[in-house]
Visitor: 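Okay, here's the structure, questions in a sec.
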Amino acid sequence: MNGGGREGDRRDDEVRGARRIPGPRGAVDDLDLEAVPRPVLPPPGGNAPDEAVPEQGAPEADGDVRDVVPEAGAADEPDAVDPDAVDAVDEPCVVDLTDAVDEPDAVDEPDAVDEPEPAMTPATPAAPATSAATPVLSHQVLKALLGAWALSACSAEETAAVEDHLTGCAPCADEALRLRDAVGLLHTDGSLDLDPTLRTRVMDGCLGRRPARIPVPDWATPYDAETARLDALLRDIGDSEWHAPVRLQWFEDERPATRRTTVAGVIGHLMAVDGLVSAALGLDDPLGRVEVPLSPARRTETYWAATRPPATRAVREPWRDLTHELIRTASLGGRNVAERSVSYGDFALPLQDALLDRAFECWVHGTDIAEAVDYPYQPPSAAHLHRMIDLAARLLPAALAGRRSAGLAGPAKELVAPGEPGRSVHLEVEGHGGGDWYIPLDSPAAVGSPRRAVAQVALDGVEFCRLVAGHISPVEAAAGQEGDREAIRDVLFASASLSRL
């Protein structure tokens with residue numbers, strides 16, 4: 001009985017030290033793979049973890065078993081049993097311990113009733129054979145790691161565990177493929193803005209199947225395309241972004257000039273200048289019936305002064321309706337409408353060049369708005385940009401003559417008859433919409449000629465347009481220069497003088 005009591009005391013101590021309620025399980029993201037315990041297999045032939053502890057009074061492991069248990073051969077021979085040896089065995093201890101399990105007196109002991117018997121922990125089953133570097137994780141943990149695996153955010157051990165799991169779990173393998181395809185959409189290097197030529201390709205495809213009864217003239221397509229692109233930008237921005245500050249830039253009196261307005265103010269400026277074209281076509285002036293000047297800058301100032309409070313999103317629809325009406329009227333105007341004169345106050349342009357000028361200004365101010373609201377905006381298509389550059393190149397001889405009359409350019413060095421080739425500057429525009437132009441230097445009536453070229457200047461197509469718009473200075477624009485430096489300077493400053501508010 002004494003041996004049974006000590007065994008019960010040891011079990012009571014184990015129960016008191018054990019946790020009765022398991023602690024909270026950590027989240028999957030907090031799993032420390034290095035701290036995951038590896039399964040411990042029982043040694044072959046050894047005692048299982050739930051085997052009873054040897055009774056007190058049993059011999060030590062390193063003792064001689066023959067001192068207690070007789071040999072097998074001696075058990076078969078009664079004569080071999082020594083009575084004195086049997087008496088030497090602690091027989092009452094062994095018998096009494098066995099009887100303690102069956103006797104009701106052992107249950108009556110207070111120590112055996114106060115605390116329940118500790119639950120025997122079953123032997124840990126043998127884990128499947130895995131590599132030493134691959135952690136043993138459950139299906140739920142591995143499924144939760146699929147997102148991190150698709151983003152390549154797993155550690156080397158987690159990656160190995162997930163990939164081992166995917167080879168045998170079809171649902172997780174399908175989910176992993178879907179997640180990997182989704183991740184591919186997040187890593188795009190291209191712009192999310194539409195290709196500027198997409199609208200032209202769609203319209204060409206539609207008109208190829210069913211031609212329009214009254215097509216838009218070819219010289220009006222740049223204006224049609226740029227107003228549509230700007231309108232798409234305006235549809236995408238929110239109400240608050242219509243009040244975003246925009247800084248307009250141009251060159252005036254040999255110096256850069258700026259004016260601050262809002263997105264809505266820029267659209268009002270475009271609509272005010274479009275009124276010059278609508279007047280040439282016999283349409284109503286968007287500024288009303290009041291007497292307004294013909295100068296684009298003064299018309300804009302008149303519109304801004306009359307708009308109190310400042311314009312909002314409501315200005316988009318009148319401007320867009322006016323652009324549609326201009327394109328419709330130009331398409332219905334007949335064969336000679338392209339040559340109809342549009343007055344800008346100090347100068348005049350034929351309608352086909354005026355609409356090309358309006359397309360150029362839509363793109364330039366569309367870029368200003370896009371920078372103000374952080375919106376992707378691409379240059380026009382190469383064909384349309386080439387036409388805009390060509391218009392600026394055709395306006396340069398008259399701009400040079402005007403600067404020479406004001407004493408801002410060098411004097412003419414060689415006078416030639418109208419229509420004859422004279423000294424020229426080779427303007428080489430590279431890249432998008434580029435080409436070669438020869439600008440006559442001494443007379444606007446002369447003809448530029450490669451054989452009479454005295455200088456060459458090379459610029460990128462978009463950079464040249466930014467120079468013409470007054471967004472960069474002449475010194476910053478030239479990428480390559482060769483020949484007469486004075487002639488190059490005159491051409492670059494004349495290009496910047498084409499800009500206006």
Visitor: When the side chains of residues 346-355 are checked against the rest of the protein, which donor-acceptor pairs come out under 3.5 Å, sequence neighbours left out?
Guide:
unit_1	atom_1	unit_2	atom_2	d
Gln352	NE2	Glu339	OE2	3.2
Asp353	OD1	Arg394	NH2	3.2
Asp353	OD2	Arg394	NH1	3.2

Visitor: Determine yes or no for a side-chain-to-main-chain donor-acceptor pair under 3.5 angstrom, with Arg404 supplying the side chain and Gly410 the backbone.
Guide: yes
Visitor: In Å, rounded to the nearest 0.5 Å, how long is the span from SG of Cys172 to NE2 of His165?
Guide: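 Output value for this atom pair is 3.5 Å.
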Visitor: Can you confirm whether Leu166 sits close enough to Trp149 that some side-chain heavy atom of one is under 4.5 Å from a side-chain heavy atom of the other?
Guide: yes
Visitor: Which heavy atom of Pro440 sits nearest a heavy atom of Ser443, and at what distance?
Guide: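 Minimum heavy-atom contact is CB-O, 3.8 Å.
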Visitor: Looking at Arg423 and Ser449, would you say the former's side chain and the latter's main chain have a donor-acceptor pair under 3.5 Å?
Guide: no
Visitor: Show your reasoning for whether salt bridge (charged side-chain N to carboxylate O under 4.0 Å, His left out) applies to Glu175 and Lys143.
Guide: CA-CA 9 Å; Glu175 180 69 14; Lys143 185 177 180 180; over 6 Å; no
Visitor: Salt-bridged, Glu486 to Lys413, with N to O below 4.0 Å?
Guide: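 Salt bridge between Glu486 and Lys413, a charged N being under 4.0 Å from a carboxylate O: yes.
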Visitor: Looking only at heavy atoms, what is the nearest atom pair of Ala272 and Leu287, with distance?
Guide: CB-CD2, 4.1 Å
Visitor: If you round to the nearest 0.5 Å, how far is CH2 of Trp319 from CG of Leu230?
Guide: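 If I round to the nearest 0.5 Å, the distance is 4.0 Å.
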Visitor: Suppose we screen for side-chain hydrogen bond (donor to acceptor under 3.5 Å, both in side chains). Which residues come up paired with His432, at least two apart in sequence or across chains?
Guide: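 Result, side-chain hydrogen bond (donor to acceptor under 3.5 Å, both in side chains) vs His432: none returned.
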Visitor: Which heavy atom in Val468 sits nearest to a heavy atom in Ser499, and how many Å separate them?
Guide: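 Closest approach of Val468 to Ser499, heavy atoms only: O-CB, 3.1 Å.
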Visitor: Holding to side-chain contact (heavy atoms from CB on, under 4.5 Å), I want the full list of residues that pass it with Thr262, two or more places apart in sequence or in another chain.
Guide: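 Listed in chain order: Ala264.
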Visitor: CD/Glu463 to CD/Glu476 distance, rounded to the nearest 0.5 angstrom?
Guide: 9.0 Å
Visitor: Are Asp368 and Arg247 close enough, and set up right, to give a salt bridge (charged side-chain N to carboxylate O under 4.0 Å, His left out), and what steps lead you there?
Guide: CA-CA 7 Å; Asp368 295 335; Arg247 186 166 65 97; over 6 Å; no
Visitor: Quick check: do Tyr344 and Ser295 have side-chain heavy atoms less than 4.5 Å from each other?
Guide: no
Visitor: With sequence neighbours excluded, what pairs up with Glu252 under the side-chain hydrogen bond (donor to acceptor under 3.5 Å, both in side chains) test?
Guide: Trp250
Visitor: With rounding to the nearest 0.5 Å, note down the distance linking CD1 in Ile439 to CG in Leu396.
Guide: 5.0 Å
Visitor: Taking C-beta and beyond as the side chain, do Leu283 and Leu326 meet within less than 4.5 Å on heavy atoms?
Guide: yes
Visitor: Begin from the C-alpha positions of Phe360 and Leu356 and carry the test side-chain contact (heavy atoms from CB on, under 4.5 Å) through to its verdict.
Guide: CA-CA 6 Å; Phe360 176 80; Leu356 192 57; over 6 Å; no
Visitor: Please indicate whether Glu254 has more than 12 foreign heavy atoms, meaning atoms of other residues, nucleotides or ligands, lying under 6.0 Å from its CD.
Guide: yes
Visitor: Using the side chain to side chain donor-acceptor pair (under 3.5 Å) rule, collect all pairs that involve residues 268-282, keeping only residues at least two apart or in two chains.
Guide: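 Every pair satisfying side chain to side chain donor-acceptor pair (under 3.5 Å) with a residue in residues 268-282: Tyr223-Asp274, His269-Thr300, His269-Glu361, His269-His365, Asp274-Arg358.
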Visitor: Does a side-chain N-to-carboxylate-O contact under 4.0 Å join Arg387 and Asp218?
Guide: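 Yes, charged N to carboxylate O under 4.0 Å.
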Visitor: Can you see which heavy atom on Asp442 is nearest to which on Ala412, and at what distance?
Guide: OD1-CA, 3.6 Å
Visitor: Can you tell if the side chain of Leu441 reaches within under 4.5 Å of the side chain of Val454, non-hydrogen atoms only?
Guide: yes
Visitor: With sequence neighbours left out, write down each residue that passes ring-ring contact (aromatic ring centres under 6.0 Å, His included) with His471, or none if nothing qualifies.
Guide: none
Visitor: How long is the gap from CG on Leu151 to CG on Leu146, to the nearest 0.5 Å?
Guide: 11.0 Å
Visitor: With a 4.0 Å cut-off, would you call Arg485 and Asp490 a salt bridge?
Guide: no
Visitor: Are the side chains of His426 and Asp436 in touch, meaning some heavy atoms are under 4.5 Å apart?
Guide: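 SC-SC contact between His426 and Asp436 confirmed.
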Visitor: Is it true that Glu301 and Arg298 have a side-chain N and a carboxylate O under 4.0 angstrom from each other?
Guide: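 Answer for the salt bridge query: no.
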Visitor: Indicate yes or no for a side-chain donor-acceptor contact from Arg403 to the backbone of Leu408 under 3.5 Å, with no hydrogens or angles considered.
Guide: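 Checked: pair present.
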Visitor: Listed by chain and number, what are the ring-ring contact (aromatic ring centres under 6.0 Å, His included) partners of Phe493, not counting sequence neighbours?
Guide: none
Visitor: Under the side-chain contact (heavy atoms from CB on, under 4.5 Å) test, which residues partner Thr312, sequence neighbours left out?
Guide: His243, Ala314
Visitor: Would you call Arg328 and Asp224 a salt bridge, using N to O less than 4.0 angstrom?
Guide: no
Visitor: Report the C-alpha separation of Arg178 and Val183 in whole Å, then their side-chain angles, then the decisive distance to 0.1 Å, and conclude whether the side-chain contact (heavy atoms from CB on, under 4.5 Å) test is met.
Guide: CA-CA 9 Å; Arg178 288 193 293 268; Val183 170; over 6 Å; no
Visitor: State which residues pass side-chain hydrogen bond (donor to acceptor under 3.5 Å, both in side chains) with Glu241; sequence neighbours excluded, sorted by chain then number.
Guide: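 So Glu241 forms no side-chain hydrogen bond (donor to acceptor under 3.5 Å, both in side chains) with any residue.
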Visitor: Grab the two heavy atoms, one from His139 and one from Cys169, that are nearest each other, plus how far apart they are.
Guide: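 Between these two residues, the closest heavy atoms are CE1-SG, 3.6 Å.
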Visitor: Answer whether the closest heavy-atom distance between the side chains of Phe251 and Arg500 falls below 4.5 Å.
Guide: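 Counting from C-beta outward, Phe251 and Arg500 never come under 4.5 Å.
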Visitor: Identify, with sequence neighbours excluded, every residue that meets side-chain contact (heavy atoms from CB on, under 4.5 Å) alongside Ala401.
Guide: Pro444
Visitor: Sequence neighbours excluded, which residues qualify as side-chain hydrogen bond (donor to acceptor under 3.5 Å, both in side chains) partners of Asp239?
Guide: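 Arg313.
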Visitor: Do the side chains of Trp242 and Val315 get nearer than 4.5 Å, heavy atoms only?
Guide: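 A side-chain contact exists here, since the closest heavy-atom pair is under 4.5 Å.
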Visitor: Rounded to the nearest 0.5 Å, how far does CG of Leu322 lie from OG1 of Thr329?
Guide: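 Thr329 atom OG1 to Leu322 atom CG measures 9.5 Å (nearest 0.5 Å).
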Visitor: Tell me, with the steps shown, if Leu142 and Asp164 meet side-chain contact (heavy atoms from CB on, under 4.5 Å).
Guide: CA-CA 10 Å; Leu142 291 169; Asp164 287 346; over 6 Å; no
Visitor: Got a sec: does the CG of Asn336 have more than 12 other heavy atoms crowding it under 6.0 Å?
Guide: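 No.
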Visitor: I would like to know whether Tyr438 and Val425 meet side-chain contact (heavy atoms from CB on, under 4.5 Å); could you show each step before the answer?
Guide: CA-CA 6 Å; Tyr438 292 89; Val425 170; over 6 Å; no
Visitor: What closest approach, in Å, do Tyr377 and Ala370 show between heavy atoms, and which atom pair accounts for it?
Guide: CB-CB, 3.6 Å
Visitor: Counting only heavy atoms not in Asp374, do more than 12 fall under 6.0 Å of its CG?
Guide: no
Visitor: Between Arg320 and Thr323, do the side chains contain an N or O donor and an N or O acceptor separated by less than 3.5 Å?
Guide: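 Present: a donor and an acceptor within the cut-off.
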Visitor: Would a 4.5 Å heavy-atom cut-off, applied to side chains only, mark Glu428 and Leu459 as touching?
Guide: no
Visitor: Using ring-ring contact (aromatic ring centres under 6.0 Å, His included) as the criterion, list what pairs up with Trp304, not counting sequence neighbours.
Guide: none
